[in-house]
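Let me begin by presenting the structure, written as structure tokens, before commenting on it.
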Amino acid sequence: MPPHSQECIRAAGVPPPDVKGKPCEDHCILQHSNRICVITLAESHPLLQNGKTIKSINYQISANCSRLQNKVSGKFKRGAQFLTELAPLCRISCSDGEEYTVSSCVRGRLMEVNENILDKPSILQEKPSTEGYIAVVLPKFEESKSITEGLLTQKEYEEIVVKRVNNRPETS
């Protein structure tokens, strides 16, 4: 996984933080100064909060599209799959029957997916922002600044999470 600095961390889904209208399924984008974006699950994602057990992770998006088939080569990253902000990267199934789709959140070329989480899904929960990353995406040079500006900072994200928790109805 490419290195990243703490100053470049941006937490986000596609603003607002709820991705594709699914509340609280937040993603985190770690952006390096060289534009590379590492897609991870945000701290508040249900997979990291509720003691869920991951049954499987599937990079097969449709009958004709598997993120595992992504083969990048050369200086110009030939062969990389192009992703939109809402393009699904993978589907994560839990033992309780819940299924979560992780979206790219960033327009750009798919550089790699983390195949290690296929063999050991628990690292997705144990180390979500390091070894448990989902994918690496390279935005177009001219779009990289607007991507960064469109994301929430860590502080803004934490404020939203606090509001979300405070607005949650009491259960008895």
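Heavy-atom basis, side chains included; hydrogens, waters and symmetry copies ignored.
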Check whether [X] reaches the backbone of [Y] with its side chain - one donor and one acceptor, N or O, closer than 3.5 Å.
| X | Y | value |
| --- | --- | --- |
| Arg35 | Pro139 | yes |
| Arg109 | Val137 | no |
| Ser66 | Leu68 | yes |
| Thr84 | Arg107 | no |
| Asn70 | Leu110 | yes |
| Asn114 | Ile134 | no |

- Does Gln125 have any side chain to side chain donor-acceptor pair (under 3.5 Å) partners at least two apart in sequence or in another chain, and if so, which?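 If we apply the side chain to side chain donor-acceptor pair (under 3.5 Å) test to Gln125, skipping adjacent residues, there are no hits.
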
- Can you list the residues that meet the side chain to side chain donor-acceptor pair (under 3.5 Å) rule with Asp119, with sequence neighbours excluded?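 By the side chain to side chain donor-acceptor pair (under 3.5 Å) rule, Asp119 matches no residue at all.
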
Can you check whether [X] reaches [Y] side chain to side chain, under 4.5 Å on heavy atoms?
| X | Y | result |
| --- | --- | --- |
| Glu99 | Ser93 | yes |
| Pro128 | Leu48 | yes |
| Glu158 | Val161 | no |
| His45 | Tyr100 | yes |
| Cys94 | Lys55 | no |

- Message: The test is salt bridge (charged side-chain N to carboxylate O under 4.0 Å, His left out); show your working for Glu159 and Lys155 and say whether it passes.
- Response: CA-CA 6 Å; Glu159 289 169 1; Lys155 185 174 188 270; 3.2 Å; yes

- Run the numbers on Val106 and Ile29 for side chain to side chain contact (heavy atoms under 4.5 Å, CB included), then give the verdict. CA-CA 8 Å; Val106 175; Ile29 312 298; 3.9 Å; yes

- Query: More than 12 foreign heavy atoms under 6.0 Å from CG of Asp96: is that the case here?
  - Reply: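 Above 12, so yes.
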
- Query: Out of Ile117, Val113, Val102, which residue meets the side-chain contact (heavy atoms from CB on, under 4.5 Å) rule with Ile57?
  - Reply: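 With Ile57 as partner, Ile117, Val113, Val102 yield a single side-chain contact (heavy atoms from CB on, under 4.5 Å), made by Ile117.
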
Separation of [Y] [atom2] from [X] [atom1] (nearest 0.5 Å):
| X | Y | atom1 | atom2 | answer |
| --- | --- | --- | --- | --- |
| Leu118 | Cys90 | CG | SG | 8.5 Å |
| Leu83 | Met111 | CG | CE | 9.0 Å |
| Glu98 | Leu47 | CD | CG | 9.0 Å |
| Leu89 | Ile61 | CG | CD1 | 7.0 Å |
| Thr40 | Leu124 | OG1 | CG | 9.0 Å |
| Ser129 | Leu41 | OG | CG | 10.5 Å |

- Can you see which heavy atom on Ser104 is nearest to which on Ile39, and at what distance?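 For Ser104 and Ile39, the tightest heavy-atom pair comes out as O-CD1, 3.3 Å.
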
- Do Gln81 and Arg67 have a side chain donor and acceptor closer than 3.5 Å?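 There is such a pair (donor and acceptor under 3.5 Å, judged by atom type) between the side chains of Gln81 and Arg67.
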
- For side chain to side chain contact (heavy atoms under 4.5 Å, CB included), just list the numbers for Ile123 and Glu126, CA-CA rounded to whole Å, side-chain angles, deciding distance to a tenth of an Å, and then say yes or no. CA-CA 5 Å; Ile123 62 172; Glu126 294 162 7; 4.2 Å; yes

